[in-house]
Novice: 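Supplied in structure tokens, the structure appears directly below.
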Amino acid sequence: MKARLLINRILAWTIDFGIIVLYALLLFAVVTMFFDVKEGDLNPYLGQLIGFATMTLPVFTYSFLTERSKWKGTIGKKILNIKVLTDEENKTKSILLRNVLKYLPWELAHIGVHWIFYYESVGREIPIWTCAIVIIPQVIVLIYFVSIILSKGHSSVYDRISGTRLHLVTS
């Protein structure tokens with residue numbers, strides 16, 4: 001029974017990740033139908049800005065708004081009876097910080113990928129910093145995952161920093 005929250009948290013993440021993948025596929029379909037984008041057409045700054053505005057910001061907003069709502073969790077968490085708890089006085093700030101920290105590695109990896117594509121498209125050697133900015137987020141996510149496992153699903157590093165914790169609602 002102690003592992004129930006951990007199992008539910010992983011399953012909730014799977015559901016939410018599925019929703020994100022469906023959104024990404026829809027976005028990809030719309031872009032390829034209406035725009036003729038070729039690899040190397042976008043400079044890394046513009047590519048990053050477009051990626052942030054069309055992918056990261058909507059996903060971040062989904063997580064932030066659903067966790068801040070009366071549901072206190074994303075669709076996956078709602079289905080699996082998990083609530084994100086926080087001090088009601090600092091609710092918005094805590095949920096905002098939680099999601100900034102949760103999605104920061106994802107955004108850092110996007111930056112690295114945009115620069116790798118850019119350097120490859122202009123035929124230049126990929127600088128070490130771009131490799132680091134792709135690898136470091138993976139290390140951060142591994143630390144997040146280990147912290148979730150060690151806490152049996154109750155909190156991650158980003159939960160501890162933001163003052164949030166997860167709770168399994170049992171009826």
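In this text the structure is predicted, and so the values were computed from the model without any measurement.
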Novice: Can you tell me how far CZ of F145 sits from CG of L150, rounded to the nearest 0.5 angstrom?
Specialist: 10.5 Å
Novice: Does a sphere of radius 6.0 Å around CG in L25 hold more than 12 heavy atoms from other residues, nucleotides or ligands, not counting ones at 6.0 Å or beyond?
Specialist: yes
Novice: Does one hydrophobic cluster hold both Y144 and V139, with members joined at side-chain heavy-atom distances below 4.5 Å?
Specialist: yes
Novice: With the side chain counted from C-beta on, respond yes when H110 and F52 share a heavy-atom pair under 4.5 Å apart, and no when they do not.
Specialist: no
Novice: Tell me whether V21 is reachable from L57 by hopping between hydrophobic residues (I, L, V, M, F, W, Y) whose side-chain heavy atoms are closer than 4.5 Å.
Specialist: no
Novice: Determine, stepwise, if the pair I148 / Y158 fulfils side-chain contact (heavy atoms from CB on, under 4.5 Å).
Specialist: CA-CA 10 Å; I148 290 167; Y158 56 82; 4.1 Å; yes
Novice: Might you point out which heavy atoms bring P137 and A109 nearest each other, and give the distance in Å?
Specialist: CG-N, 3.7 Å
Novice: Set out, in order, the CA-CA distance, both residues' side-chain angles and the distance that settles side-chain contact (heavy atoms from CB on, under 4.5 Å) for W106 and V59, then state yes or no.
Specialist: CA-CA 11 Å; W106 187 21; V59 169; 3.4 Å; yes
Novice: List in chain and number order the residues that pass ring pair (Phe, Tyr, Trp, His ring centres under 6.0 Å) with F60, two or more places apart in sequence or in another chain; answer none if no residue qualifies.
Specialist: none
Novice: Applying the salt bridge (Lys or Arg N to Asp or Glu O under 4.0 Å) test to E67, which of K72, K77, K78 qualifies?
Specialist: K77
Novice: Side chain to side chain contact (heavy atoms under 4.5 Å, CB included) with N8: which of L168, L166, V169?
Specialist: L168
Novice: Mind checking the CG-OG spacing from L96 to S63? Nearest 0.5 Å is all I need.
Specialist: 12.0 Å
Novice: Only one of R68, K91, R98, H167 clears side chain to side chain contact (heavy atoms under 4.5 Å, CB included) with V84; which?
Specialist: R98
Novice: Taking W13's backbone N and O only, do any of them form a donor-acceptor pair with D16's side chain (distance below 3.5 Å, no angle check)?
Specialist: no
Novice: Any chance you could measure F117, atom CZ, to E120, atom CD, to the nearest 0.5 Å?
Specialist: 7.0 Å
Novice: In this structure, would F64 and M55 fall into the same cluster of hydrophobic residues linked by side-chain contacts under 4.5 Å?
Specialist: yes
Novice: Treating Ile, Leu, Val, Met, Phe, Trp and Tyr as nodes and any side-chain heavy-atom pair under 4.5 angstrom as an edge, say whether L101 and L65 lie in one connected cluster.
Specialist: no
Novice: Holding to ring pair (Phe, Tyr, Trp, His ring centres under 6.0 Å), I want the full list of residues that pass it with Y119, two or more places apart in sequence or in another chain.
Specialist: W115
Novice: From I10 CD1 over to T14 OG1, what is the distance, rounded to the nearest 0.5 angstrom?
Specialist: 7.5 Å
Novice: A side-chain contact here means heavy atoms from C-beta on lying under 4.5 Å apart; do I82 and L5 qualify?
Specialist: yes
Novice: Any idea which heavy atoms bring V141 and P105 closest together, and the distance?
Specialist: CG2-CB, 3.7 Å
Novice: What's the verdict on side-chain contact (heavy atoms from CB on, under 4.5 Å) for V30 and F35, showing C-alpha distance, side-chain angles and the deciding distance?
Specialist: CA-CA 8 Å; V30 168; F35 300 98; 5.6 Å; no
Novice: Strictly distance-based, threshold 3.5 Å: is any side-chain N or O of S162 a donor or acceptor partner for the main-chain N or O of L97?
Specialist: no
Novice: Answer yes or no: is there a side-chain heavy-atom contact under 4.5 Å between D159 and S156?
Specialist: yes
Novice: To the nearest 0.5 Å, what is the distance between CG on L104 and CD1 on I136?
Specialist: 11.0 Å
Novice: Determine, using the 4.5 Å side-chain heavy-atom cutoff (strictly less than), whether I79 and F17 are members of one ILVMFWY cluster.
Specialist: no
Novice: Rounded to the nearest 0.5 Å, how far apart are CG of L108 and OH of Y103?
Specialist: 15.0 Å
Novice: Could you check whether any side-chain N or O of Y62 sits under 3.5 Å from a backbone N or O of I20, counting only pairs where one atom can act as donor and the other as acceptor?
Specialist: no
Novice: Locate the shortest heavy-atom distance separating R160 from S147; write the atom from each residue and the value.
Specialist: NH2-O, 3.8 Å
Novice: Using the test side chain to side chain contact (heavy atoms under 4.5 Å, CB included), find all partners of S94 that sit at least two apart in sequence or belong to another chain.
Specialist: T86, N90, T164
